[in-house]
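Everything on this sheet refers to the single structure shown next.
Note that the structure is a prediction, hence the values are computed from the model and not measured.
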Protein chains: 4
Amino acid sequence: MSTFGNKIKVTVFGESHGNGIGAVIDGTPAGYKIDMDKILVQMSRRAPGKDKTATPRVEKDYPNIKSGILNDVTTGAPICCVIENTNTQSGDYSNLLNVPRPGHSDYTAYVKYQGCNDIRGGGHFSGRLTAPIVFAGSIFRQILEEKGIKISAHISSIGNVDDESFDSVNINAELMDRLSTSTFPLIDQGKEEQMRQVVEDARMSLDSVGGTVECIVTGMPVGVGGPLFEGIEGQIAKAMFGIPAVKGIEFGKGFESAKLKGSENNDSFEYKDGKVVTSTNNCGGILGGISNGMPITFKIAIKPTPSISRQQNSVNLQSKENDKLVVKGRHDPCIVPRAVPVVEAMTAIAIFDLL
Amino acid sequence: MSTFGNKIKVTVFGESHGNGIGAVIDGTPAGYKIDMDKILVQMSRRAPGKDKTATPRVEKDYPNIKSGILNDVTTGAPICCVIENTNTQSGDYSNLLNVPRPGHSDYTAYVKYQGCNDIRGGGHFSGRLTAPIVFAGSIFRQILEEKGIKISAHISSIGNVDDESFDSVNINAELMDRLSTSTFPLIDQGKEEQMRQVVEDARMSLDSVGGTVECIVTGMPVGVGGPLFEGIEGQIAKAMFGIPAVKGIEFGKGFESAKLKGSENNDSFEYKDGKVVTSTNNCGGILGGISNGMPITFKIAIKPTPSISRQQNSVNLQSKENDKLVVKGRHDPCIVPRAVPVVEAMTAIAIFDLL
Amino acid sequence: MSTFGNKIKVTVFGESHGNGIGAVIDGTPAGYKIDMDKILVQMSRRAPGKDKTATPRVEKDYPNIKSGILNDVTTGAPICCVIENTNTQSGDYSNLLNVPRPGHSDYTAYVKYQGCNDIRGGGHFSGRLTAPIVFAGSIFRQILEEKGIKISAHISSIGNVDDESFDSVNINAELMDRLSTSTFPLIDQGKEEQMRQVVEDARMSLDSVGGTVECIVTGMPVGVGGPLFEGIEGQIAKAMFGIPAVKGIEFGKGFESAKLKGSENNDSFEYKDGKVVTSTNNCGGILGGISNGMPITFKIAIKPTPSISRQQNSVNLQSKENDKLVVKGRHDPCIVPRAVPVVEAMTAIAIFDLL
Amino acid sequence: MSTFGNKIKVTVFGESHGNGIGAVIDGTPAGYKIDMDKILVQMSRRAPGKDKTATPRVEKDYPNIKSGILNDVTTGAPICCVIENTNTQSGDYSNLLNVPRPGHSDYTAYVKYQGCNDIRGGGHFSGRLTAPIVFAGSIFRQILEEKGIKISAHISSIGNVDDESFDSVNINAELMDRLSTSTFPLIDQGKEEQMRQVVEDARMSLDSVGGTVECIVTGMPVGVGGPLFEGIEGQIAKAMFGIPAVKGIEFGKGFESAKLKGSENNDSFEYKDGKVVTSTNNCGGILGGISNGMPITFKIAIKPTPSISRQQNSVNLQSKENDKLVVKGRHDPCIVPRAVPVVEAMTAIAIFDLL
């Protein structure tokens, strides 16, 4: 299913080179004022064609709202937004019908859909489907902000170049705001040039490169989530793995905590300004699947873009023989910067659904 | 909710020191023969009291089947199993009502349930609730095995001691069988002594230690799962974060792939014995959220047991002052070995729900 | 699935002649005091063996609560209750394996479960499975009553003998209380003898008889439910058809309104004591799927018990020939009186799930 | 929620006088050829403006397919269709903001959405929202027909004029085909004039009139559905109450069976052409919630259109006083004929979701 959520239902539709893509959002509460400009800022962060890290395909990505918002206010009825596909060069993908691209869904989709799926541009598997996710997430993000909940993410690493990590005990709200509107969001902006060089090196060698994104959510009330399958970790993880190319997630110290002693990993409680807080935040703001009031933090791993211009080994599904493949078309040598607003948007959807 | 699944619904109930715990499994197909001995083997692997890595609390953990199985065959009606709680020493937990244990759900549950939750032994948040998960998983595992799908996991690390990783291209079925019945499952059995020493050191210093578990699923048909929120990764991740103490998950190369180039990370397709396979398996058997027929592999991070016998800093929720806490009661210095059958069981539930 | 609800999940398990039956209730809020005596009153209203309208099978029907309630207060964790099956005479049903009873699920269950379902006493299809529904409903009913929402139902007709209808504009709370504890609940108690005679006549002629039940819900806040598939009617209808033998449902004037003019059927609005009310209540308290603050009323049709002691025409599924059948065992000549508390309970579950 | 289904998810969006309405259908299998002309036939049956029984508002109702269908074949990705709203006269509805129409959702929606819902033309509650339902149903109907499952409905009554009932034991396939393309579908076509007169009388007296629709489903395989909350009755009922103005539903003999003896109501089994059939079909093809292979039959009650041109009593929500109201705008004096294709479509969606 392309539908996410329990209390809300966000359904993403469309194929990369079809008539249009979009989302239907069922379950939005009535009466929230939505700022369209803020939505466009987020959609623009995700949109391709801005610089050399991204595919040169340029799309207007303008969300036409069909329903659910009247005079900029949510009506409580489902919100539908449609984004037309205007700049499609479908001829590029003809050879993929028989020879699946390594690292892509071509082969698995071919089997699942018996060859009837729209292969052009990856069809429904395309990264382009993250545009309606950003639209939907921007709606929920604005509602969450009215409740005092803020979400921010940054490029945590590209290849072997790391940014700093969030200070998850005393996070700076201004930093969060800066990151949330940046197209190359870094805590340590001095790392930008180095990271861009890694991407450019990959591009010049007809290759691509992966990275990680770290996300933080502040202002969470204590007591959201629940034990077992109601936990915040499971909810956010399910949301994040809905983003193409995500291959791992960890909360708080995550895999590092697996190497620690209990005495090192436990976060002590203390009173601060009359509120219960923890002195450290190794648990990423979640205990027993439930928010403890500290910032929620998690990091996701994004694999390198599988579309590369080098020749690769593959198979020919018609002749049933091994074959070679050079992927034509327009690709991102690194999708990590464009993934940041998608991570924020998907987090907004997941968190809102829990509240 | 304590309910998992879409096509099936597994609901886990019970509190650590209540009358009983158990599971109701709705949606099991009729006509499958269930081997009770195989279930008991798995429950025994998870049960406490076997050696010094685990809590000395001894429970019979015998699953009383109330419904859904007649003459060892599934009837198609919901299966209910109840495990009585027999060996409870509730006096141990009285001081936790006011002073929450660091790293535990005491504080967050207190807020969420307004102090009405059963605090004794962690209540519904107790690791003891994984016993019915192992029961439910053992049912589905037996059905999956009839379909040629096998699941196996091992202790991938404890503290800084690592086991080998699975060979995810040519996995050995005998190795999988050995691991699936072992109480300290390791690929490289030479690491057992070293790992046990790490646990013993933690225990002697009134501390605990975390670790990782790697899991593999073989025999998956091609084409299971789907794009966006129907993906296998999201489904398995949601299941794994339902296990207490899990703080991270990665599929295939996971976080390592974030440092790779596309040319290094892409798995080439080739024909082998008339079937499409990949030469490497960095994607962990999943492309576009869909199984590609290679083994599915993933690794989870388990934090060190938060219950430690050392004095820790906490707060007193009644007096609203900082306080100190020494956790009494019986604890596991390392839950990683006992977590292995839980990971296998939860994987069986998640995979069955997808088919 | 044997699971009901969106915000809550009530799963009913068990087979008529298996080890036990029961329910698991996931999603109950913490902190509600539950009066066990009130639960037992409702379970006793449903229980068989009270008089000649019902099957002589006597069951204690005592609900053993395994979890979710501590010191009579809900903990917020799933509530599991198990009712042991003690008075089973399984020999009675042996001939049903091959010759399905007309009007029963024997044939359809045989096909669906490939003959593996538990046929004894109807197995999971037995009316006995309404006992855990009454248990679950009694829990939610007590919580609803704290919120000012009351539910009451009565025998609206048995055969051709009709009781009066509820006055759905000015319903009397004392009447509701009287009905809610009665084992033969009638508005016009003068009809009891006549109705009992209809049942006795059916019993003496080795036959059975159907009837209708009318239910009312008062104290509903305005604005619950929603358009399209979120409507109260759909939610209650889904719940009612979960009760065995229900074949129809109508809200407010229901099928009669299909014969009316708009000017006759529309309920005018007016202010009364500062509140918006309607002068009539033909819509049964629901407009556009949403509660309008007036009492919700609906009526359900219950078919005559299909188990009758007369010889009936059937088939032999083994020999594949036509056959005759005399159903042995203990039957209710009329289940309508025992269905009333089940309707009330199921309504409580459905309404609670909407709030 | 405006979302229906478990295995499939159909989400209906839009407001009567907004930018557009439509549906997103998630979960359609890949590889089915869809005949657009057949869809348009069904949409045209539902569309207004055909004759004097319906509102004079004329809409093109052309479904623009944005995704999920490529070269007339389903791709397996979500299908989105958008229908533009072109002929809106929003000025008509301005006085409804304060004075709710009796029998309509104006008041309940006002409370639920705090006055933020789109009141124009009924907004998301409008009967216009059944257009996307017909679109979605037409897709599933075509797939069901490939599996041998046919659906047909007719006007069973308008006011006090009744059509014949289906012969649910030996239904004629040609009759079903005739009904399925008719705009005034009757078994006994001799009743058309009489029914049209009833509608015309209502119209001339500034009133409206209700009716019933009977539906039949043939070709159902035995064994679909299940006990308790998995039953076919509950699934279809939930679907039908999603259609505005439906106030009752009964399966097979329904409310009439409540007056019968078991010996009259039970359907005997017999072998016919080697297949198990029943001699009568009082149960409407469903036993224990499961299809028995006989045609499924049910009847729904549709209340008279609440929009009438007569003056009615209402309240003014601003001044909080009683008020009078004359509903302006264009109304159907009887929606029953236009409801028939909606019932068929919604049945197709509900049945497909069960398979």
If you look at every heavy atom in [X] and [Y], which pair is closest and at what distance?
X: B/Glu15; Y: C/Ala77; result: OE2-CB, 3.3 Å
X: B/Thr75; Y: C/Tyr113; result: O-CD2, 3.5 Å
X: B/Leu70; Y: C/Arg120; result: CD1-NH2, 3.4 Å

Please classify the contact of [X] with chain B as side chain, backbone, both or neither, using a heavy-atom distance under 4.5 Å.
X: C/Ile65; result: backbone
X: C/Lys7; result: backbone
X: C/Ile79; result: neither
X: C/Val12; result: backbone

Item to complete: Under 4.5 Å, counting heavy-atom pairs only, tell me which of B/Gly115, B/Gly27, B/Cys80 racks up the most with chain C.
Response: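 Going by pairs under 4.5 Å, I would pick B/Cys80.
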Practice prompt. May I ask you to list the residues in residues 345-355 of chain C that approach chain B closer than 4.5 angstrom, counting heavy atoms only, ordered by number?
Written response: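 Listed by number, there are no contacting residues, so the answer is none.
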Discussion item. Heavy atom to heavy atom, less than 4.5 Å: which residues from residues 235-243 of chain C reach chain B?
Written reply: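 Near chain B, by residue number: none.
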Discussion item. According to side-chain contact (heavy atoms from CB on, under 4.5 Å), who are the partners of C/Pro244, at least two apart in sequence or on a separate chain?
Written reply: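 With sequence neighbours excluded, C/Pro244 shows a side-chain contact (heavy atoms from CB on, under 4.5 Å) to C/Thr130, given in chain and number order.
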Worksheet item: Relative to chain C, which segment of B/Thr11 carries a heavy atom at a distance below 4.5 Å: side chain, backbone, both, or neither?
Response: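 Looking at B/Thr11, just its side chain touches chain C.
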Fill in: residues 29-38 of chain B: residues contacting chain C (heavy atom under 4.5 Å, by number)
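The residues closer than 4.5 Å to chain C, in numerical order, are B/Ala30, B/Gly31.
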Worksheet item: Quick one: SG on B/Cys81 to CG on C/Asn19, what's the gap to the nearest 0.5 Å?
Response: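 Answer rounded to 0.5 Å: 12.0 Å.
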